Number of protein chains: 2
Amino acid sequence: MAADAEVGPARAPLSRDRVLRAAVRIADDGGLGALTMRRLAEDLGAEAMSLYYHVANKDEVLDGIADAVGREINEVVDALDVPSAGPQWKQAVRRRILAAREVLLRHPWVPAVFETRAAMSPEILRYHDRLLGLMRDGGFSYDLAHHALHALGSRALGFSQELFTPAAGGGGAGDGDELADLAERLPNLAGLLEHISHDDPGSTLGWCDDQEEFEFGLDLLLDGLDRLRERSSS
Amino acid sequence: MAADAEVGPARAPLSRDRVLRAAVRIADDGGLGALTMRRLAEDLGAEAMSLYYHVANKDEVLDGIADAVGREINEVVDALDVPSAGPQWKQAVRRRILAAREVLLRHPWVPAVFETRAAMSPEILRYHDRLLGLMRDGGFSYDLAHHALHALGSRALGFSQELFTPAAGGGGAGDGDELADLAERLPNLAGLLEHISHDDPGSTLGWCDDQEEFEFGLDLLLDGLDRLRERSSS
DNA sequence: GTCGTAAGGTTTACGTTGTAAGGTAACCAT
DNA sequence: ATGGTTACCTTACAACGTAAACCTTACGAC
């Protein structure tokens, strides 16, 4: 009867699920660049080629971790219970998106993965389906809801590509000369920076609050959509 | 006197500029994946390692081509001459962004490059500086203009990350069973698709007009910003 | 029992990538 | 002439994704 349990340290059964879970952890810790088939195998106590028994190739790993994060998001937002009828749609959508954002902040590599994915993850599709449902509850026509999803874009999931980071340009130690030159070539940004540092001295660097800016942009869109909703339903 | 021009086919002087120009062309033709140091050198009639005399590494090439596209954009939008005073700011900003978009559509790899860049390209900084200038002309406070740049995000340059492509999910040949299952799991998207195909039969696939959706989202933001502008200036 | 089969894992190896190290040929001031 | 700089090439290497083949265990049929 003791024939079953013996040698003991049979390290790992190794499954598609375990592979993807490990992949997410690696990306969380070291970024996408750290996510290598060999490294992934090492973390699982196996060899690189063994992974190919559970995933077709690295691309499928990327698809898989995108979907895994999608599932994580859906688990969180499904637990939300916010009334969405009529004018309440806005709060419902807002809460949901900010909850999704919290998940994505734990996985900062996700935007880069989405950028390279052609097909859409089933979980992300599901997320959009529910979001569309909330808008329909709020009285959106199909057309308007459809436009809305496109208008939100990546913001629907809680992130947005930030191209504008004033500090990143003239970073670090700005000599007087360089700074003057910069102010001449970029008069408006220079004025903006001066205004800000005057307003809130000691914070010329890293003064952009990502969360605040995200919510500002989100509210701008949601308010605009609400106006269109009201206009179309009257 | 004829000592200078002799052997003739001295293939190329090879400069940083030529390197970047070739890099842009390769990315345009074959995507970012085709952009290899060896391929780049080959296109220039040189060897891979020769490139390192003009650029520090591949990362600098990517920085360089991003900046090159930025310059191309600035050349186009600088030629624009649209009045921006007062309420005219919106048309000015709109025209500028749509012009930038036209350039970016010729270089579809740019969003992916921006995603991986930490520091901001000088030309892109300049672009944002001018955009900010237009808003200031329109009467924006520094604070509002700053929020506006963040709210526009990548849309300021004419693109937006599309995560939502309904057709991409259940692509191709949908069997009746699969389709029914999909409709059950994604009732709202199914309803949307049905509505669309009813409205415009024969176009259940590839029915999203990117340009139209982009302009819708852009106008939504610009209209919202205009309202904030009017409220703050009254 | 034992044997065939197949699933799960490993070994080895190949082509491609970015790039470090060092060589070479041309030119230019001394 | 000569030494130094500038531009380019040759060789080489480590890391990557993954194809091909091989080993190993488990198990049902007989």
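The chains referred to below are lettered A, B, ... by the order of the sequence lines, with proteins before strands, and numbering in each begins at 1. This is a predicted model, so every value here is computed, not measured.
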Which residues in residues 47-57 of chain B have at least one heavy atom lying under 4.0 Å from any atom of DNA chain C?
B/Met49, B/Tyr52, B/Asn57
Listed in order of residue number, which residues of residues 24-35 of chain A have a non-hydrogen atom at under 4.0 Å from DNA chain C?
none
If only atom types and distance count, is the side chain of A/Ser154 paired as donor or acceptor with the main-chain N or O of A/Phe159 below 3.5 Å?
yes
Which one, C/dT17, D/dC9, D/dC8, comes nearest to the side chain of B/Leu14?
D/dC8
How do B/Ser15 and B/Arg38 order along DNA chain D: which one's closest nucleotide is nearer the 5' end?
B/Ser15
In whole Å, what is the span from the CE atom of A/Met37 to the P atom of C/dA13?
21 Å
Rounded to whole Å, please give me the gap between CD in A/Glu42 and P in D/dA15.
12 Å
Less than 4.5 Å apart, any side-chain heavy atom of A/Glu215 and any of A/Leu98?
yes
Would you say A/Val110 and A/Ile65 make side-chain contact, with heavy atoms under 4.5 Å?
no
Contacts under 3.5 angstrom, residues 29-43 of chain B side chains, donor-acceptor by atom type, not counting sequence neighbours:
residue, atom, partner, partner atom, Å
B/Arg39, NE, B/Asp43, OD1, 3.1

Which residue pairs satisfy the ring-ring contact (aromatic ring centres under 6.0 Å, His included) criterion with at least one member in residues 97-116 of chain A, sequence neighbours excluded?
A/His107-A/Trp109
CG/B/Leu125 to CG/B/Leu132 distance, rounded to the nearest 0.5 angstrom?
11.5 Å
Residues passing the salt bridge (charged side-chain N to carboxylate O under 4.0 Å, His left out) test with B/Asp28, sequence neighbours excluded, are none
Counterpart residues, side chain to side chain donor-acceptor pair (under 3.5 Å), relative to B/Asn57 (two or more places apart)
none
